[in-house]
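Taking it in order: structure first as structure tokens, then the write-up.
What you see is a predicted model, and the numbers here were worked out from it, not measured in a lab. Just so we're on the same page: letters track the sequence lines, and every chain starts at 1.
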Amino acid sequence: MIFTGKVFKYGDNVDTDVIIPARFLNSSEPAELAAHCMEDIDPAFASKVKKGDIIIGGKNFGSGSSREHAPLAIKSSGVACVIAESFARIFYRNSINIGLPILVSAGAATNIKKGARISVDLDTGQINDLAQNKVYQSEPFPEFMQEIIKAGGLIEKIRKELAE
Amino acid sequence: MGMTMIEKIIAAHAGFDQVYPGQIVNARVDMVLGNDITAPVAIREFRKIGKDRVFDPERIVLVPDHFTPNKDIKSAEQAKILRDFAKEQGLKYYFEIGQMGIEHCLLPEQGLALPGEIIIGADSHTCTYGALGAFATGIGSTDMAAAMATGQLWFRVPPTIKFIYSGKLPAWVSGKDLILYTIGQIGVDGALYQAMEFSGEAITALSMDSRLAMSNMAIEAGGKCGLIAVDEKTAEYLKGRAVRDYTPYYSDSDAAYQKVFEYDVSELEPQIAFPHLPENTRPVSQAGDIKIDQAVIGSCTNGRIEDLRVAARIFKDRQVHPDVRCILFPGTQAIYKQAIGEGIIETLIDAGVAISTPTCGPCLGGHMGILAKGERCISTTNRNFVGRMGHTDSEVYLSNPAVAAASAIAGYIVHPEGVIS
């Protein structure tokens with residue numbers, strides 16, 4: 001699957017408190033979470049983001065709380081994929097479990113600029129900075145995680161396994 | 001080749017003799033925890049799996065502690081989802097307001113987190129129970145749903161970093177300072193995807209309350225867990241509490257570690273983490289002139305009886321500074337009651353400290369002490385991110401309870417000896 005979008009770029013240690021501040025966690029409705037996505041780091045994000053856009057962060061993206069509301073807010077806001085140099089552990093699990101594509105690429109995280117148009121091929125893990133015509137190869141996922149991704153998330157995977 | 005503590009725990013729960021860092025396994029879980037923010041999402045996902053019943057109604061704990069007592073209508077609806085689910089499923093460990101406490105103070109106190117177990121919680125500070133020799137780690141709501149349905153979860157076996165603390169801690173220096181210092185040394189992603197193992201004579205000398213505070217913040221270094229080997233203190237703590245038999249596991253002397261850090265802590269000062277990351281630590285003597293508007297004492301990090309005792313010792317016959325609001329949150333009803341029995345609460349009230357029923361409250365910017373634009377708070381909690389306790393232009397400084405109490409009296413960040421001569 002290939003998609004193309006505009007880059008929203010942030011630095012290191014983007015934490016789940018700025019992705020979705022706790023004051024909005026009295027709801028778990030995806031649309032409501034999306035309306036406040038990234039509010040404490042980029043108040044204009046929710047009004048600017050378009051379906052298929054891409055977030056790029058630095059090291060330790062999604063650090064802090066275990067709130068699944070964070071990847072859910074990003075996914076529901078239409079973001080196609082998050083690219084980072086590294087992801088915090090729980091955010092990484094949560095994203096795979098709920099089917100938010102995430103890619104680890106230090107090169108892409110360092111070099112691709114804010115506002116760039118890039119295309120991402122989720123099957124090959126290739127990230128293409130279109131204006132620069134530069135391609136970055138992201139790290140492949142272990143086979144077990146690929147199975148979760150292919151099944152459409154952890155719940156779907158378990159549902160199918162229990163049905164068999 | 002020997003194994004580390006966490007490798008042994010995971011191997012035992014996954015049905016293997018040996019596991020290796022990097023290996024992905026399905027493992028049996030002993031306890032599954034959720035709260036009023038994360039469990040409603042988990043319950044929604046659980047319904048999609050198509051199983052009517054949870055795998056074991058005695059192995060799921062639901063604690064409404066974040067936005068409770070319900071702060072608004074939406075929060076009340078979320079908390080109700082837990083209550084209804086607990087009734088429907090006949091869950092043994094649902095803690096209603098009046099019984100509940102801050103989850104990571106409550107589970108150890110109730111003997112629900114035990115050595116050698118795998119405990120997963122849809123709350124990042126679940127790593128607290130590493131202090132009891134358990135592999136305890138934070139996971140998300142979907143993971144919680146999967147585990148409620150199947151009693152299992154996937155794990156990537158983490159490499160272990162060993163931390164050895166030598167020397168005797170000076171007065172007013174606690175487990176909180178050890179972990180803040182450690183995070184300052186290795187950074188907020190210094191233990192990313194890895195298990196932290198805390199050892200050495202300074203750890204052996206720590207009280208259980210201080211050990212729990214230490215393991216609580218392993219996540220703040222990116223750690224998967226923060227383990228402390230079971231010893232006589234652990235066994236003593238668990239006597240009369242443990243709801244099940246348990247099996248401690250110990251790292252082999254020839255176990256392989258990713259890294260080993262050794263710290264001499266005999267001259268360690270109380271540590272302050274400056275905004276906006278827990279790694280921005282300084283010794284309190286280097287804090288400079290930081291005036292504060294609020295002091296928060298409590299939370300899953302420092303809401304235990306030892307923390308309240310140290311606060312009372314400092315507040316005895318002293319007053320909270322007129323420009324400061326000081327709010328204290330006992331971790332559980334039992335801690336609250338014990339504090340009343342010991343005269344701690346009376347001392348605090350006489351000093352002008354506001355006491356709350358147990359709740360996560362302001363720690364995550366929920367309620368009960370939100371900061372206005374430009375305000376500063378010294379807090380015994382665990383995170384000082386942008387906007388964590390309120391306005392994005394407010395600031396949180398993390399410290400131990402003694403420093404927070406002393407600073408509430410002085411009106412600025414100060415070493416306890418600055419107010420107690």
Side-chain angles (χ1 to χ4, degrees), chain A residues 12-19 21-30 32-33 39-41 43 58-61 63-72 85-99 142-145 147-148 153-163, chain B residues 22 24 36-38 40-42 44-46 48-51 66-67 71-78 121-126 137-146 149-150 154 156 158 187-189 192-193 219-220 222-224 276-277 279 364-366 370 383 385-388 390 392:
Chain A
D12 292 340
N13 304 313
V14 172
D15 61 71
T16 54
D17 277 87
V18 294
I19 296 173
R23 59 186 178 275
F24 305 118
L25 296 184
N26 54 7
S27 167
S28 58
E29 286 310 312
E32 217 167 315
L33 296 173
E39 189 164 307
D40 281 2
I41 189 172
K59 285 193 293 183
N60 203 24
F61 188 94
S63 55
S65 138
S66 70
R67 61 188 73 160
E68 203 163 288
H69 309 63
L72 196 57
E85 187 175 337
S86 63
F87 288 92
R89 220 199 97 241
I90 308 176
F91 186 91
Y92 182 97
R93 282 188 81 99
N94 286 346
S95 299
I96 288 172
N97 285 343
I98 70 164
E143 199 183 316
F144 178 85
M145 290 178 209
E147 284 171 23
I148 299 178
L154 184 63
I155 296 300
E156 274 305 301
K157 182 171 183 283
I158 290 173
R159 210 175 57 78
K160 281 174 196 155
E161 283 168 0
L162 289 175
Chain B
I24 293 176
D36 53 311
I37 289 180
T38 59
V41 179
R44 185 169 75 197
E45 296 303 309
F46 174 82
K48 294 180 189 167
I49 293 174
K51 270 191 83 175
H66 276 61
F67 292 159
K71 76 177 178 110
D72 54 25
I73 295 168
K74 280 183 176 176
S75 304
E77 300 290 349
Q78 299 285 99
D123 188 279
S124 60
H125 294 106
T126 301
T137 194
I139 44 84
S141 297
T142 296
D143 281 323
M144 183 188 173
T150 65
W154 65 275
R156 183 158 55 179
V188 291
D189 64 348
L192 194 58
Y193 304 123
I219 177 71
E220 264 41 84
K224 187 165 193 158
H276 289 283
L277 282 176
E279 71 183 23
L364 75 161
I370 304 303
R383 289 190 177 130
F385 300 153
V386 170
R388 173 73 178 178
T392 49

> Does A:Ile90 reach the side chain of B:Ile219, with side-chain heavy atoms less than 4.5 Å apart?
Replying inline: yes
> Is there a donor-acceptor pair closer than 3.5 Å between any side-chain N or O of A:Arg67 and the backbone N or O of B:Ile37?
Replying inline: no
>> Does any backbone or side-chain atom of B:Gln78 lie under 4.5 Å from a heavy atom of chain A? Answer side chain, backbone, both or neither.
In response: side chain
> Between A:Glu156, A:Arg23, A:Glu143, A:Met145, which residue shows the highest count of heavy-atom pairs closer than 4.5 Å to chain B?
Replying inline: A:Met145
>> For B:Phe385, is there any backbone N or O sitting under 3.5 Å from a side-chain donor or acceptor partner on A:Asp17?
In response: no
> Any idea which of A:Gly64, A:Ser27, A:Pro142, A:Gly153 has the most non-hydrogen atom pairs under 4.5 angstrom with chain B?
Replying inline: A:Gly64
> What part of B:Thr150 lies closer than 4.5 angstrom to a heavy atom of chain A: side chain, backbone, both or neither?
Replying inline: side chain
> Does B:Val188 reach the side chain of A:Ser63, with side-chain heavy atoms less than 4.5 Å apart?
Replying inline: no
> If we only count heavy atoms from C-beta on, is the B:Val386 to A:Ile41 side-chain gap below 4.5 Å?
Replying inline: no
> Which answer fits B:Phe67, side chain, backbone, both or neither, if we ask what part of it has an atom under 4.5 Å from a heavy atom of chain A?
Replying inline: side chain
> What residue in B:Ile370, B:Asp72, B:Val41, B:Asp143 has the most heavy-atom pairs under 4.5 Å with chain A?
Replying inline: B:Asp143
>> Looking only at heavy atoms and a cut-off of under 4.5 Å, which of B:Lys71, B:Lys74, B:Lys51, B:Lys48 has the most pairs with chain A?
In response: B:Lys74
> Is it the side chain or the backbone of A:Phe87 that comes within 4.5 Å of chain B heavy atoms, both, or neither?
Replying inline: both
> Which class fits the ring pair A:Phe144 and B:Trp154: parallel under 30°, tilted 30 to 60°, perpendicular over 60°?
Replying inline: tilted
> Using non-hydrogen atoms only, which part of A:Leu25 is less than 4.5 Å away from chain B: side chain, backbone, both, or neither?
Replying inline: both
> Which value, rounded to the nearest 0.5 Å, describes the distance between A:Asn13 atom CG and B:His276 atom NE2?
Replying inline: 13.0 Å
> What part of B:Leu192 lies closer than 4.5 angstrom to a heavy atom of chain A: side chain, backbone, both or neither?
Replying inline: side chain
>> Just so I understand: if I count every heavy-atom pair under 4.5 Å between each of A:Arg159, A:Arg93, A:Glu161 and chain B, which residue has the most?
In response: A:Arg93
> Which region of B:Leu277, side chain (C-beta onward) or backbone (N, CA, C, O), has a non-hydrogen atom less than 4.5 Å from a non-hydrogen atom of chain A, or is it both or neither?
Replying inline: side chain
> Looking at side-chain heavy atoms only, is the closest gap between B:Leu364 and A:Ser65 below 4.5 Å?
Replying inline: no
>> Is A:Asn97 close to chain B through its backbone or its side chain, or both, or neither, when contacts mean heavy atoms under 4.5 Å?
In response: both
> If we only count heavy atoms from C-beta on, is the B:Thr137 to A:Arg89 side-chain gap below 4.5 Å?
Replying inline: yes
> Considering all heavy atoms of both residues, which atom of A:Ile158 and which atom of B:Ala146 are nearest to each other, and what is their separation?
Replying inline: CD1-CB, 3.2 Å
> Taking side chain as C-beta onward, heavy atoms only, is B:Thr142 less than 4.5 Å from A:Ile155?
Replying inline: yes
> Under a 4.5 Å heavy-atom cut-off, does chain A meet the side chain of B:Thr392, its backbone, both or neither?
Replying inline: side chain
>> Nearest 0.5 angstrom please: B:Met144 CE to A:Glu68 CD, how far?
In response: 11.0 Å
